[in-house]
Each structure stands twice: as C-alpha cells, then as structure tokens.
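When a ligand or atom number is given, it counts from 1 through the structure's own listing order.
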Amino acid sequence: MKDVEYVTIKEGRTTLLVPPHQEGKGPKGIGDEVFFNPAMELNRDISIAFLRAWGVDGKKVLDGMSATGVRGVRIANETDAQEVVMLDLYQEAVDMINKNIEHSGVRADVRKESIEGHMLNNRYKYDYVDIDPFGTPVPYFPSAARFVSRGGIVAVTATDTAVLCGTYKQKCLRRYSAIPKNNWCCHEIGLRILIGYCAREAARYGRGAVPILSYYDGHHFRTYLKINESAAEADASLDELRTYKFSNYSWKEGAGTGPLWGGSLFHEDILNDLKPAGSLDDDLIDTWVSESTLPPFFYDTNVLGSIVGKSPPRLKKMISAMKRSSHRTTRTHFSPTAFKTDADPETVLEIFKDL
Ligand SMILES: C[S@@+](CC[C@H](N)C(=O)[O-])C[C@H]1O[C@@H](n2cnc3c(N)ncnc32)[C@H](O)[C@@H]1O
C-alpha cells in the first residue's frame, strides 16, 4: 500500500488516512479501492454519540464491516470501549485498517474475516455489533442477531432505500418479506419495514429485537436494536408488527403495506442521554425527542395542499394551529415539510383548510 495515494482527514476527535475523495461526495465506486464515504460522517458521529449514551465502558465492540476502519478506530479513540475488533473481507481494507490503527495510536484488533463467520466463532462475545454494508444488511443480520451478547446492541445500516421505499416493490417482498409503499411516508415505512424484518429474524432464534434509536438520513436508514434473550421477548417484538392501508393522505390498520414495526423508533433512556457529537447537533436530537412519543407516520403539508387545492402554509404555522386545537404535534426528521400529530386525518384536513 503506497502512502502517497492516501489523504489525511479529521472526523470527530480522530485523524485518519483515507483514499482520495471529493469533499461532500459519495464513494467513487465499489471494488477499485478501499471504500470511504465522507457523506456517512453523520452516521458515524451518531454511532459515537450512541455508544457514549448507552455506556460502553467494559464492553466489547465489533465493527463488522470496517473498510478503512474509520468507524472502529473512532470508537476506540472516542469512547470507553474495553475492546474494539474490526473486520473486512479484503486484504486491501485490512492493510488500510492496520495503517489507521497505527496512525491514530489506538488499541484495536483487525481480522480478514466475514462478519457471518466471525460471529459464529465468537458467540456471545460482543456487546455491540455494527453492520454497515453496501446496500442491504439482510445477509449479515442473522448471525449478529443470533450471537451478539444477551441484551447487546446490533446497529444496522441499510442503503437500499429504493427497495425499502417501494421503487422496487417485488424486490422488497423478496428481500424483506414485506410490501412497501412509494408515497410521501415512504421513508418512515421503509425504516419500519427494515426494523420489522429484524424483529422477525431475531425471533427465529428466540430473541427480541427492540429499536432504541432509528432514523432516516438522505440515502440510508439506520437502527440500533437491543437484542433481548427469551421467547417472551421475541413474542413481544412480533406483537409490535402491523400492516396498514394508505389512502391519498391518511392511513389506518389493514391489509396493504407491511408487515412493519408499529412501535416506537426510539427509547427515551437513550434520547435523554444523547449528547451532540460532530455533525449530530441539538436540533436533530430535539426533533427525535419530540417525535418519539407520537404514533407512526406523518402528514405532509405539500400533499395536503394538493388534495385541498391550495398552496401549503409554512410548517411552523400549521404546527401552531394544530397545537392551538390541543393536538400534540411536532416536526419530524423524515421530511422538512411534514409534521407528526395525534389528531385524526379529518381534523388535520379541517385545520389545514382553515389556515
Ligand atoms: C460500506 S463499506 C463499510 C464502511 C465503513 N463501515 C465506514 O464507516 O466507512 C462495507 C465493507 O464491508 C466489507 N464486506 C463485504 N462483505 C463483508 C462480509 N461478509 N464480512 C465483513 N466485511 C464485508 C467490504 O469489503 C467493505 O469494505
């Protein structure tokens, strides 16, 4: 590996060597060099904030798909994790990770191994397993859900957003055994289909999977799942699965879309302890906190506007009007023009019309 081909970057409190990339642009391509995507900095910042909030002192962390090692090295450098192990299938990546371990002076191990095989050979060793694949996590989640420690966390990224959001409906059915819906709510539906899949998969091994922090960000979904041991926990997770029927601006339980996770996307203990880190700021944390106690899905002012045939008011104005009518209402991280509320669809439309 030639040093001259790599550039030095700083993410969080860590300096690292990565392949050349354009600032703010995604990866150059798969296969030609070790993968590094600067656009995933927020994803990595959130994993640091999550581990600090969850409390990782004395815990063992697996960065199961490590590429340059940026996430694992940051975890070793920026959290109290007792042990950090990084994996990648390819020798180029393993060399790069070793270089980054040396460059940043952290204590961590690296292995050229698949996450599936490593989990099978290290049953119940890890308290936190990070799955950050190209595209879908479906091939990797089962071994992590099955063999993470009891009460441990499996953090899952999915970048196959077009599948989960319903552009490729049949593919979603094949991959996630769920029917998506390509409408204004597709990002929340996609995230919930991903979590629903994880809950069903964990249940196969007699384990419950409960999301404690889940979000959508531009081109990926991410969920941090607490894996609880016991058939009762598995059944409790399965009890949270729902199907919904969507109409032109609203929805109700019924056949059509799903099955998907119908429970909360967050756990308040994590949200209460979450502190800003890098590009994760108070604004995003506050939005998660305010939407975390509201039911699934949201209304989009543009969709309501096209139904009623008028230009939509500013979001702030709509939210204030909803609150004046005593309905819990808040913005949502899923869309800058949308709001979540506990009001029924007819009430929402009436208030919208009157604005
Ligand atoms: C999207 S990249 C990971 C990015 C990295 N986590 C980050 O934050 O920059 C996915 C990596 O997983 C590796 N990979 C693919 N299949 C794997 C497997 N079965 N086990 C472990 N690593 C794998 C690829 O070589 C690639 O480097």
Backbone, side chain, both or neither: what part of [X] comes under 4.0 angstrom of ligand 1, heavy atoms only?
X: F36; result: neither
X: M65; result: both
X: A93; result: neither
X: P139; result: neither
X: R44; result: side chain
X: V70; result: side chain

Answer with yes or no whether the side chains of [Y] and [X] bring together a donor and an acceptor at under 3.5 Å.
X: T157; Y: R222; answer: yes
X: D88; Y: S66; answer: no
X: T14; Y: E78; answer: yes

message: How close do F352 and P312 get, counting heavy atoms only, and between which atoms?
response: CZ-CA, 4.1 Å
field: Ring centres under 6.0 angstrom apart (H118, Y126)
entry: yes
With atoms numbered from 1 as shown, which atoms in ligand 1 lie under 4.0 angstrom from a non-hydrogen atom of [X]?
X: S66; result: 5 (C)
X: R71; result: 8 (O)
X: G64; result: 21 (C), 22 (N)
X: P133; result: 1 (C)
X: A67; result: 3 (C), 4 (C), 27 (O)
X: D132; result: 1 (C), 2 (S), 3 (C), 4 (C), 5 (C), 6 (N), 7 (C), 8 (O), 10 (C)

Backbone or side-chain N or O of [X] under 3.5 Å from ligand 1 N or O:
X: E116; answer: yes
X: F35; answer: no
X: N37; answer: no
X: Y90; answer: no

task: Take R52 and D273, measure what salt bridge (Lys or Arg N to Asp or Glu O under 4.0 Å) needs, and give me the verdict at the end.
output: CA-CA 8 Å; R52 288 179 185 153; D273 291 339; over 6 Å; no
What residue and atom, counting heavy atoms only, is the protein's closest point to [atom], and at what distance?
atom: atom 18 (C) of ligand 1; value: L89 CG, 3.6 Å
atom: atom 26 (C) of ligand 1; value: D88 OD2, 3.4 Å
atom: atom 20 (N) of ligand 1; value: I115 N, 3.0 Å

E102 atom CD, over 12 foreign heavy atoms within 6.0 Å: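 No, because the 6.0 Å sphere around CD of E102 holds 12 heavy atoms or fewer from other groups.
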Would you call the rings of [X] and [Y] parallel, tilted or perpendicular if under 30° counts as parallel and over 60° as perpendicular?
X: Y215; Y: H220; value: perpendicular
X: Y176; Y: Y197; value: perpendicular
X: F297; Y: W251; value: perpendicular

task: Using the six-membered ring of W54, assess whether NZ or CZ of K59 lies under 6.0 Å from its centre and within 45 degrees of the ring axis.
output: yes
task: Tell me, please: is H118 in heavy-atom contact with ligand 1, that is, under 4.0 Å?
output: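 H118: no contact with ligand 1 (<4.0 Å).
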query: Do the side chains of Y140 and Y205 join up, straight or via other hydrophobic residues, at under 4.5 Å, putting them in one cluster?
result: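 No, separate clusters.
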